[in-house]
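Please read the structure below before turning to the comments.
These values consider heavy atoms only, across backbone and side chains, with no hydrogens, waters or symmetry-generated copies. Chain identifiers are assigned alphabetically (A, B, ...) following the order of the sequence lines, protein sequences preceding nucleic acid strands; residue numbering begins at 1 within each chain.
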Amino acid sequence: MVEWTDFERATIQEIFSKIDSGVVGPAAISRCLIVYPWTQRYFGSFGNLYNAAAITSNPKVAAHGKVVIAGLEKALKNMDDIKNTYKDLSVLHSEKLRVDPDNFNLLADCLTIVVASQMGQAFTADVQAAFQKFLAVVVASLRKQYH
Amino acid sequence: MSLTAKNKDTIRTFWAKVSSNAEAIGADALSRMLVVYPQTKTYFSHWKDLSPGSAPVKKHGATVMAGVADAVAKIDNLTAGLLNLSELHAFTLRVDPANFKILSHNILVVLAIMFPSDFTPEVHVAMDKFLSAVALALSEKYR
């Protein structure tokens, strides 16, 4: 059972209410595909990923960014049981999508950086710690059903 | 994943833009590292105050960024250029090299906060590669 302090709960809710999820999701996914190009291996059906400009303007990438954020919002609503909330998602990523779970950390890092640039000085060290803890729990839950 | 000519240009141009803020960047990155990755505090038990923005944190942040500035200047041969620093980290400080990645991440977060429109994905990938290359050069003398 993950223990969340009041500060962490409030902070994480606040982050999601402050950020523009329509922007953050697509920005994080496209940054991940640009900064860690080997992650493109999972998006063969997305069409043109040849360069940064193509990735940033690719509508399939943008749509997928929104799917990822919707997934995070599910965790947000079930912070006391993210592990079970993500059971099916974990099976999906392991059995069907066959994503190397180390990639989850790469996307988490890109999400942190995109949220940081959106929030500016409001993204203090304590806020960063809370957000990264949330992402760490999400990643651990997504890894849970891999064998 | 060595630095291409284009990467080096991107890094030099971006560094020219941000270098006047080097001390602030270093102080913030170090502060964040100590808060977000508390295990890193174990290397600084000799400091009186480990809180964000404290005097020892600020001073050390400046030291670290001076090293980064030096690395930018020696970008064409980091291994040779950072040999003394590598010996320092390997034989005296004995910082576990996994921590280089942690500090690099926090430097990137600070750059994203301070320079949101300049820290584009292209600059991000170049800086990430650069900091990884610096970490590798710093690890050179470890074993």
(Q) Hydrophobic clustering (ILVMFWY, side-chain heavy atoms < 4.5 Å, transitive) - are V134(B) and V35(A) grouped together? (A) no

Practice task
Spell out, yes or no, whether M119(A) and V23(A) are grouped together once hydrophobic residues are joined by side-chain heavy atoms under 4.5 Å, including indirect joins.
Solution key: no

Ordered numerically, the heavy-atom neighbours of chain B under 4.5 Å found in residues 69-106 of chain A are none

Honestly, the part of Y37(B) sitting under 4.5 Å from a heavy atom of chain A is side chain

Heaviest contributor of heavy-atom pairs below 4.5 Å to chain B, chosen from A27(A), A122(A), G120(A), is G120(A)

Identify whether I75(B) and L136(B) are in the same connected component of the hydrophobic contact network (ILVMFWY, side-chain heavy atoms under 4.5 Å). no

Chain A shares the most heavy-atom pairs under 4.5 Å, among L108(B), L34(B), V109(B), with V109(B)

For P121(B) and I34(A) the tightest heavy-atom approach is CB-CD1, 3.6 Å

Does any part of the side chain of V125(B), heavy atoms only, come nearer than 4.5 Å to the side chain of Y36(A), both counted from C-beta?
no

Turns out that what part of Q121(A) lies under 4.5 Å from chain B's heavy atoms comes down to both

Worksheet item: Within a reach of under 6.0 Å around CG of D6(A), are more than 12 heavy atoms found that belong to other residues, nucleotides or ligands?
Response: no

Please check if the number of heavy atoms outside Q40(A) that lie under 6.0 Å from its CD is greater than 12. yes

CG of D109(A) to NE2 of H124(B), rounded to nearest 0.5 Å, is 7.5 Å

Notebook entry, point to check: Counting only heavy atoms not in K8(B), do more than 12 sit closer than 6.0 Å to its NZ atom?
Noted result: yes

Applying a strict 4.5 Å limit to non-hydrogen atoms, the region of M33(B) in contact with chain A is neither

Within a 6.0 Å radius of atom CZ on F91(B), are there more than 12 heavy atoms belonging to other residues, nucleotides or ligands? yes

- Message: With a 4.5 Å cut-off on side-chain heavy-atom distances among I, L, V, M, F, W and Y, is there a chain of contacts connecting L83(B) to L88(B)?
- Response: no

Among residues 7-19 of chain A, residues within the sub-4.5 Å heavy-atom range of chain B, in order of number, are none

Note: vs chain B, highest number of non-hydrogen pairs under 4.5 angstrom among I55(A), T56(A), I113(A) is I113(A)

So, the part of T120(B) with a heavy atom under 4.5 Å from chain A: the answer is backbone

Expected contact set for residues 123-147 of chain A against chain B at heavy-atom separation under 4.5 Å reads F123(A), T124(A), A125(A), D126(A), Q128(A), A129(A), Q132(A)

Less than 3.5 Å apart, which donor and acceptor atoms pair up between the side chains of residues 92-100 of chain B and the rest of the protein, not counting sequence neighbours?
{"from": "D96(B)", "atom 1": "OD1", "to": "A98(B)", "atom 2": "N", "distance (Å)": "3.0"}
{"from": "N99(B)", "atom 1": "ND2", "to": "Y43(B)", "atom 2": "OH", "distance (Å)": "3.4"}
{"from": "N99(B)", "atom 1": "ND2", "to": "D96(B)", "atom 2": "O", "distance (Å)": "3.0"}

What one should report as the nearest heavy-atom pair of S117(A) and A112(B) is CB-O, 3.2 Å

